[in-house]
Trainee: 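Sending over a structure as structure tokens; questions will come in a sec.
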Protein chains: 2
Amino acid sequence: MATTDKASPRERLLDAATELFYRDGVSIGVEALCKSAGVSKRSMYQLFDSKDEVLAASLERRASGYAARIAAGVDDAGTPRERILYIFEQVEKVSVEPGFMGCPFLAALVELKDPEHPASVVARAAKERMQDAFRVQGELGGAREPELLARQLMLVFDGANARAGAKLETLDGLTLETVTTLLDAGGVA
Amino acid sequence: MATTDKASPRERLLDAATELFYRDGVSIGVEALCKSAGVSKRSMYQLFDSKDEVLAASLERRASGYAARIAAGVDDAGTPRERILYIFEQVEKVSVEPGFMGCPFLAALVELKDPEHPASVVARAAKERMQDAFRVQGELGGAREPELLARQLMLVFDGANARAGAKLETLDGLTLETVTTLLDAGGVA
DNA sequence: CCAAGAGGAAACCGATCGGTGTACAAGCTT
DNA sequence: AAGCTTGTACACCGATCGGTTTCCTCTTGG
């Protein structure tokens, strides 16, 4: 009932999974998940092999959404430097919203310690896609070492997400300032 | 049986808790914890009010150990810049060890989403102590904005820990290079 | 109008969760 | 030796875990 009510059971499950796994962690029970989705456990286990697969699928869908938006934004107006900074503006913006708890992919990787877990594989792939996007923008911007720059940006990105999500930091310009320093030092116009 | 066998039940419990909560996450059961510590559940609940308190106490002890080492290292040989870089050398070194899973305090904060959880309070205090240490070194090193620098260093520190712990990054100089850039830009000699 | 499948409600499975209660065996101190 | 604390062993509690099964009610195509 927290999500769309007219969608297919599969969509409703993924919606609920996205929200509950993020808010309450991967230890949320199948019972609560199905109840929130308005779907019977029986249906869930017909659509997915296990709870773990539901989690993996929900992360996969989230990652696809991000990838689509990033791909669409590649030829947006602005310089590569502006596009990189825009990402961190968005991070700072969402980080102050009420339910913010950091990057969902990183959270999943931390919670399920197993790097071979299906959801871990999906999450890692999503993070790598983002790093690739940073590297591409670095190349376009004339970075001396685009790969190094991309790894540095991911460091800041994940650090900011983790610290803001854990209520250790409020950002408010911190990542912008830091990223600017790194872009300057890296030779990005 | 994995830890010292001649210590007090309390110490054995904290030893086991430190290891198991880090390796398997906060969802490790009381049964497994006590068995690993060689302590009966009855004793555990006489020494601690709840499993959550055991977790908080184990983090507290770990934080005290770190604080002692940092306090001892403040008047070590070397410049503030060297002392800051030394911390990140250590991070890069332990990050390649087999059982490494990132910063235990950050992991606890991510897993227990509740910022009011007793263990969360302990973990956050530990992180703040570290940020203070960075700021002090920044002041000693002549940083233009010591507080900003400390926050940036924590961003890199936590980002590196999270990413290396999640097997997303291998570091190998990445943090040293990044921190050097930030120290240069921040005016630390 | 009726058959067939989809999907929901809920009982049920064994296992485990955090936490207690009880009984008993050591080591102290006096 | 008596009495006390300390700690263990273990059964037990209700709740919940992930997952399965049964039953029944809808919708929909023919």
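Owing to the predicted nature of the structure, the values given are computational and were not obtained by experimental measurement.
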Trainee: How many whole angstroms separate atom NZ of B:Lys35 from atom P of D:dT8?
Mentor: 15 Å
Trainee: Pair A:Phe134, A:Phe88 - check ring pair (Phe, Tyr, Trp, His ring centres under 6.0 Å), show working.
Mentor: CA-CA 11 Å; A:Phe134 276 144; A:Phe88 287 91; 5.7 Å; yes
Trainee: Which whole-number value in Å describes the distance from A:Glu31 CD to C:dC12 P?
Mentor: 14 Å
Trainee: Whole Å only: how far is the CE atom of A:Met44 from the P atom of D:dC17?
Mentor: 12 Å
Trainee: Let me know the distance between CD of B:Glu53 and P of C:dG18, rounded to the nearest Å.
Mentor: 15 Å
Trainee: How about A:Asp49: does its CG atom have over 12 heavy atoms from other parts shown lying under 6.0 Å from it?
Mentor: no
Trainee: Should we count NZ of A:Lys167 as having more than 12 external heavy atoms under 6.0 Å?
Mentor: yes
Trainee: Regarding B:Arg10 and B:Asp15, does a basic nitrogen lie under 4.0 Å from an acidic carboxylate oxygen?
Mentor: no
Trainee: A:Phe48 CZ to D:dG18 P: how many Å, rounded?
Mentor: 15 Å
Trainee: Mind calculating the distance between CG (A:Leu33) and C1' (D:dC17) to the nearest angstrom?
Mentor: 13 Å
Trainee: Run A:Arg42 and A:Gln46 through side chain to side chain donor-acceptor pair (under 3.5 Å) and show every step you take.
Mentor: CA-CA 6 Å; A:Arg42 184 179 190 276; A:Gln46 277 168 217; 2.7 Å; yes
Trainee: Name the pairs: protein N/O against N/O of nucleotides 20-29 of chain D, kept only if under 3.5 Å.
Mentor:
unit_1: D:dT22; atom_1: O4; unit_2: A:Arg42; atom_2: NE; d: 3.0

Trainee: What does the list of N/O pairs under 3.5 Å between the protein and nucleotides 3-7 of chain D look like, with a distance for each?
Mentor:
none

Trainee: Under the side-chain hydrogen bond (donor to acceptor under 3.5 Å, both in side chains) test against B:Arg135, which residue among B:Gln137, B:Glu139, B:Gln131 passes?
Mentor: B:Glu139
Trainee: With a 4.0 Å cut-off on heavy atoms, is B:Ile28 in touch with a base, just the backbone sugar-phosphate, or nothing at all?
Mentor: sugar-phosphate
Trainee: Within 45 degrees of the ring normal and closer than 6.0 Å to the centroid, is that where the cationic atom of A:Arg62 sits relative to A:Tyr22?
Mentor: yes
Trainee: Give a yes or no on whether A:Asp184 atom CG has more than 12 heavy-atom contacts from other residues, nucleotides or ligands under 6.0 Å away.
Mentor: yes
Trainee: Rounded to whole Å, please give me the gap between CZ in A:Arg10 and P in C:dG8.
Mentor: 15 Å
Trainee: Tell me the interatomic distance from A:Leu13, atom CG, to C:dA6, atom P, rounded to whole angstroms.
Mentor: 17 Å
Trainee: State the CG-CD distance between B:Leu174 and A:Gln152, to the nearest 0.5 angstrom.
Mentor: 6.0 Å
